[in-house]
There are 2 protein chains.
Amino acid sequence: MKISDALLDDTELAARLRLAVTRLARRLRQQTAGEVSQSQVSALASVERLGPLTLGELAAVERVQPPSMTRIIAALEEAGLVERTVDERDRRIARVKTTVAGQRFLERSRSRKNAYLAARVRTMSVEDRAVLARAATLLEQLLEGEE
Amino acid sequence: MKISDALLDDTELAARLRLAVTRLARRLRQQTAGEVSQSQVSALASVERLGPLTLGELAAVERVQPPSMTRIIAALEEAGLVERTVDERDRRIARVKTTVAGQRFLERSRSRKNAYLAARVRTMSVEDRAVLARAATLLEQLLEGEE
DNA sequence: TATTGTTATACTCTATAACTATA
DNA sequence: TATAGTTATAGAGTATAACAATA
């Protein structure tokens with residue numbers, strides 16, 4: 001088997017991806033800038049990206065259990081980054097949307113909390129950045145596409 | 001600014017990468033097959049890849065604090081996946097290497113615990129896989145490259 | 001009864017601080 | 001005194017189970 005084949009082997013590629021992604025995620029978790037956790041930022045970004053969502057929908061999107069999302073949203077609400085509104089027709093349902101402060105926070109995140117990764121990316125060639133950009137898209141699709 | 005430029009912007013790319021990586025890592029953590037945690041598998045893989053290492057070296061490679069590595073290695077040792085040996089000349093130093101069982105475990109990991117990712121990768125085109133393979137390499141370098 | 005979300009509780013992982021033993 | 005590693009303890013973050021409110 002040639003090296004070029006080995007590099008594209010499903011299992012090998014999956015293993016390498018998993019290690020790389022897991023390590024980088026741990027590193028980024030340590031980078032945790034400020035009082036807002038990774039999960040909270042991720043949820044906040046989903047709310048911004050997908051618009052007003054119910055807690056259940058958010059939990060599904062973020063792949064966490066409902067009680068976890070309750071806590072995440074409670075923290076974001078306390079920080080003034082999201083706003084909850086009860087559905088008028090079905091008062092069991094709560095919808096979440098970003099506040100202006102939440103949107104500003106995300107903007108700052110993109111230029112400040114990602115400084116670590118951005119600094120690393122900045123040292124890369126345009127070609128390498130293009131690869132990472134395409135990979136990011138693929139990883140997004142990979143997660144969206146399931147079941 | 002053209003879309004193609006935006007895609008290669010340091011900050012935007014970093015933000016997208018972070019979200020994608022964080023989400024995938026969380027998804028993979030849930031996939032946690034069996035009694036061996038992500039961190040343990042990651043450490044075990046490093047031991048296999050880099051050969052016999054001291055606990056301190058391992059902690060540095062894995063970007064965790066020494067007490068965390070102590071616990072990780074204790075768990076791996078209890079599971080019979082690694083073996084510790086005390087340095088004869090300096091009895092403060094403990095070195096860790098994989099056992100046969102540890103190597104077998106990693107082999108199984110690659111074909112079983114990564115099933116989720118591998119299944120997703122399998123649906124991708126050869127071109128997309130090549131992108132992910134290159135991205136994996138870049139992410140590895142990104143982490144290795146820091147001081 | 002079924003569904004949406006919450007509260008209570010416990011577990012896992014990691015960190016910091018204090019300690020042991022070796023040098 | 002300095003260093004390698006461990007033990008003690010605490011803090012996030014998440015999960016499962018039991019519950020409350022609404023339909």
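Order of the sequence lines sets the chain letters (A, B, ...), proteins ahead of strands, with each chain counted from 1. Predicted model, so just to flag it, every value in this text is computed and none were measured.
For the pair A:Glu88 and B:Pro67, both in contact range of DNA chain D, the more 5′-proximal nearest nucleotide belongs to B:Pro67.
Within residues 68-87 of chain A, the residues having any heavy atom closer than 4.0 Å to DNA chain C are, in order of number, A:Thr70, A:Arg84. A heavy atom lying under 4.0 Å from DNA chain D marks none of the residues of residues 46-60 of chain A.
Distance, A:Ile93 CD1 to C:dT6 P: 12 Å, rounded to whole Å. Rounded to an integer number of Å, the gap from CZ of B:Arg95 to C1' of C:dT22 is 15 Å. We find that CZ of B:Arg91 is positioned 12 Å from C1' of C:dA23, with the value rounded to whole Å. Rounded to a whole Å, the CD atom of B:Gln65 is 12 Å from the P atom of C:dT14. Atom-to-atom, CZ of A:Arg92 to C1' of C:dT4 comes out at 6 Å; the value is rounded to the nearest Å.
The closest side-chain heavy-atom distance from A:Val96 to A:Glu83 is not below 4.5 Å. With contacts defined as side-chain heavy-atom distances shorter than 4.5 Å, the pair A:Leu53/A:Arg95 does not qualify. Looking at heavy atoms from C-beta onward, B:Leu81 lies out of side-chain contact with B:Gln103 at the 4.5 angstrom threshold.
Using a 4.0 Å cut-off between charged side-chain N and carboxylate O, B:Lys97 and B:Glu48 make no salt bridge. Classification of B:Asp87 and B:Arg92 as a salt-bridged pair fails, no side-chain N sitting under 4.0 Å from a carboxylate O. A salt bridge links B:Arg16 with A:Glu140: the distance from a Lys NZ or Arg NE/NH1/NH2 to an Asp or Glu carboxylate oxygen falls below 4.0 Å.
Other residues, nucleotides and ligands contribute more than 12 heavy atoms inside 6.0 Å of the CZ atom of B:Arg122. Within a 6.0 Å sphere centred on CZ of B:Arg49, heavy atoms belonging to other residues, nucleotides or ligands number more than 12.
In summary, the side chains of A:Glu62 and A:Ser46 do present a donor paired with an acceptor at a separation below 3.5 Å, with no hydrogens or angles considered.
Each end of the helix from C:dT1-D:dA23 to C:dA23-D:dT1 gets its own rotation axis from five pairs of C1' atoms, and the angle between them is 20° to the nearest 10 degrees.
Not one side-chain nitrogen or oxygen of A:Ser37 sits closer than 4.0 Å to the OP1 or OP2 atom of D:dA12. Contact between the side-chain N/O atoms of B:Gln38 and the OP1/OP2 oxygens of C:dC13 is not found at any separation under 4.0 Å.
For B:Thr99 (side chain) and B:Gly80 (main-chain N/O), a donor-acceptor pair under 3.5 Å exists by modelled atom type. The main-chain N or O of A:Pro66 is found under 3.5 Å from a side-chain atom of A:Thr70 such that the two form a donor-acceptor pair.
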